[in-house]
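Here's the structure we're looking at; comments come further down.
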Amino acid sequence: MGIQSEAVIAVVPAAGIGRRMGAQIPKQYLMLNEQSILAHTLDCLLSHPQICQVVVALHPDDNYFHTLPQSQHPQLCQVVGGGERADSVLAALHEVDEGAWVLVHDAARPCLSHDDIDKLLLARQQFPQGVILGSPVRDTMKRSTGRQQICETVSRDHLWHALTPQCFRAGSLKRNITLALSQKIAITDDASAMEWAGTSPGIIEGRADNIKVTHPNDLALASLFLDNLLK
Ligand SMILES: Nc1ccn([C@@H]2O[C@H](COP(=O)(O)OP(=O)(O)OP(=O)(O)O)[C@@H](O)[C@H]2O)c(=O)n1
Ligand SMILES: C[C@](O)(CO)[C@H](O)COP(=O)(O)O
């Protein structure tokens, strides 16, 4: 069975508290246009023809998820997430067959398109070790001192913003996240765990409007992008 015909499972880390957003509720439950950020993200994944299941990792005290219509979807299952994003991804991976392909996608990225999912899944042929979406850096990049004085201009050649989804074989990703966490390695995305284990995942260009809603001023942008996505 060729890679392209293999089932794909989406893993959605949605157990964060949205500290940088500073809202009264976790940011994944903030309304964006006509539904919550998480609902938009789940709609995109649940409606993709190659995704056969979505495993969402929730905060242990999450009291919102059950109010979402998507929470009753037959292809959706939920697990309790952990203290960091990597712990939440790992909790979800324990529910996934080790041989399956997983697409790990942030709940906080509601503007994902089916085109980008298609592109990423096709890229597995070229990158069987795993592959992620990225956005090439457009601006000149500076590194500063702790006192915000520029100390260097960082070359932007082959420099990317890592996006999600990030696509790997479940067993390999589970083992490498487990190892990295056991060594107290800080991993802020899934590819970092694979890199730490010596793998070089592929990175392909995704839409720049696939933003992570992190700060309050991201909401208006995400709303605009969502409207545009639906056109
Ligand atoms: N312990 C955690 C922390 C984060 N996430 C998820 O990982 C994604 C990306 O994380 P981020 O944007 O940092 O979300 P938060 O951790 O909620 O934000 P903050 O760092 O501002 O608190 C989000 O969908 C978030 O819900 C998670 O599942 N489990
Ligand atoms: C996974 C990610 O969205 C890729 O850019 C990012 O690393 C998440 O980081 P955060 O600190 O958990 O928002």
Side-chain angles (χ1 to χ4, degrees), residues 10-30 32 36-45 54-65 68 70-71 76-96 102-112 116 120 130-137 141 159-168 173-174 176-177 180-181 185-196 201-219 221-222 225:
V11 163
V12 179
I17 60 168
R19 181 179 37 78
R20 288 169 286 180
M21 180 58 75
Q24 296 298 312
I25 63 173
K27 66 181 179 184
Q28 56 271 36
Y29 294 107
L30 291 174
L32 210 48
S36 68
I37 287 172
L38 177 54
H40 284 290
T41 300
L42 293 176
D43 276 353
C44 175
L45 296 168
V54 178
V55 184
V56 58
L58 301 173
H59 191 281
D61 302 331
D62 184 300
N63 226 348
Y64 308 92
F65 184 72
L68 269 57
Q70 291 81 357
S71 64
L76 191 135
C77 91
Q78 56 188 277
V79 297
V80 176
E84 299 296 331
R85 180 185 180 280
D87 300 299
S88 298
V89 172
L90 192 55
L93 288 172
H94 284 303
E95 300 302 314
V96 177
V102 284
L103 274 184
V104 185
H105 183 62
D106 295 331
R109 290 182 187 268
C111 304
L112 176 62
D116 268 5
L120 189 64
V131 57
I132 76 169
L133 288 180
S135 179
V137 162
M141 304 303 285
L159 199 57
W160 302 69
H161 296 276
L163 306 175
T164 68
Q166 303 197 359
C167 187
F168 298 99
L173 183 58
K174 183 167 71 172
N176 291 328
I177 292 179
L181 290 177
I185 306 292
I187 45 172
T188 55
D189 75 338
D190 316 292
S192 306
M194 303 299 286
E195 295 157 46
W196 179 76
I203 185 165
I204 60 168
E205 185 166 357
R207 292 173 56 141
D209 60 5
N210 175 15
I211 63 168
K212 184 164 65 71
V213 177
T214 306
H215 300 105
N217 54 14
D218 295 327
L219 289 166
L221 206 48
F225 288 154

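Both ligands and their constituent atoms are indexed starting at 1 by order of listing.
Contact between Ala222 and Val213 at its shortest, heavy atoms only, is CB-CG2, 3.8 Å. Across all their heavy atoms, Ile211 and Pro110 have their closest contact at O-CD, 4.1 Å. Taking all atoms of both residues into account, the shortest heavy-atom contact from Gln28 to Ala107 is CB-CB, 4.3 Å. Minimum heavy-atom separation, Ala39 to Leu68: N-CD2, 4.0 Å.
Interface atoms of ligand 1 facing Gly18, defined by a heavy-atom separation under 4.0 Å, are 15 (P), 17 (O), 18 (O), 21 (O), 22 (O). Residue contact check: Ser88 has heavy atoms under 4.0 Å from atoms 1 (N), 2 (C), 27 (C), 28 (O), 29 (N) of ligand 1. Atoms of ligand 1 lying under 4.0 Å from any heavy atom of Ala108, numbered from 1 in the order shown and given with element: 24 (O).
Atom-to-atom distance recorded for Leu32:CG and Cys111:SG is 6.5 Å, nearest 0.5 angstrom. In this structure, CG in Leu219 is found 10.0 Å from OG1 in Thr214, a value given to the nearest 0.5 Å. To the nearest 0.5 Å, atom CZ of residue Arg19 and atom CD1 of residue Ile17 are 6.5 Å apart. A distance of 9.5 Å separates CZ of Arg20 from CG of Asp218, quoted to the nearest 0.5 Å. Rounding to the nearest 0.5 Å places CG of Leu112 at 5.5 Å from CG of Asn210. Remark: Leu76 CG to Gln70 CD distance equals 8.5 Å, nearest 0.5 Å.
A donor-acceptor contact shorter than 3.5 Å links the side chain of Thr164 to the backbone of Asp106. Between the side chain of Ser36 and the main chain of Leu30, no donor-acceptor pair closer than 3.5 Å is present.
When heavy-atom distances to ligand 1 are checked against a 4.0 Å cut-off, His59 has no atom that comes that close, whether in backbone or side chain. Neither the backbone nor the side chain of Arg109 has a heavy atom within less than 4.0 Å of ligand 1.
At a 4.0 Å heavy-atom cut-off, the residues surrounding ligand 2 are Arg20, Arg85, Asp106, Arg109, Ala162, Thr164, Thr188, Asp189, Lys212, listed by chain and number.
The shortest separation from a heavy atom of Gly83 to ligand 1 is under 4.0 Å, placing the residue in contact.
Distance screen at 4.0 Å: atom 12 (O) of ligand 1 has a protein heavy-atom neighbour inside the cut-off.
Nearest protein heavy-atom contact of atom 8 (C) of ligand 1 is Asp106 OD1, 3.6 Å. Arg19 N, 2.7 Å is the protein heavy atom nearest to atom 22 (O) of ligand 1. Here the heavy atom of the protein found nearest to atom 23 (C) of ligand 1 is Pro13 O, 3.7 Å. Here the heavy atom of the protein found nearest to atom 16 (O) of ligand 1 is Gly16 CA, 4.0 Å. Scanning the protein for heavy atoms near atom 7 (O) of ligand 1, the closest one is Arg85 CG, 3.5 Å.
A salt bridge does not link Asp189 to Arg85: none of the charged nitrogens lies less than 4.0 Å from a carboxylate oxygen.
Distances from atom 1 (N) of ligand 1 to the heavy atoms of Gly22, Gly82, Pro26, Ala15 put Gly82 nearest.
Polar contact check, Val213 against ligand 1: no nitrogen or oxygen pair lies under 3.5 Å apart. Considering backbone and side-chain N/O of Met21, none are found under 3.5 Å from N/O of ligand 1. Polar contact check, Arg20 against ligand 1: a nitrogen or oxygen pair lies under 3.5 Å apart. At a 3.5 angstrom cut-off on N or O pairs, Ala57 does not count as close to ligand 1. When only interatomic distances are considered, the shortest N/O to N/O separation between Thr214 and ligand 1 does not fall below 3.5 Å.
Under the side-chain contact (heavy atoms from CB on, under 4.5 Å) criterion, Glu195 pairs with Ala191, Pro201, sequence neighbours left out.
Residues His94 and Val79 have side chains not in contact (no heavy-atom distance under 4.5 Å, counting atoms from C-beta outward).
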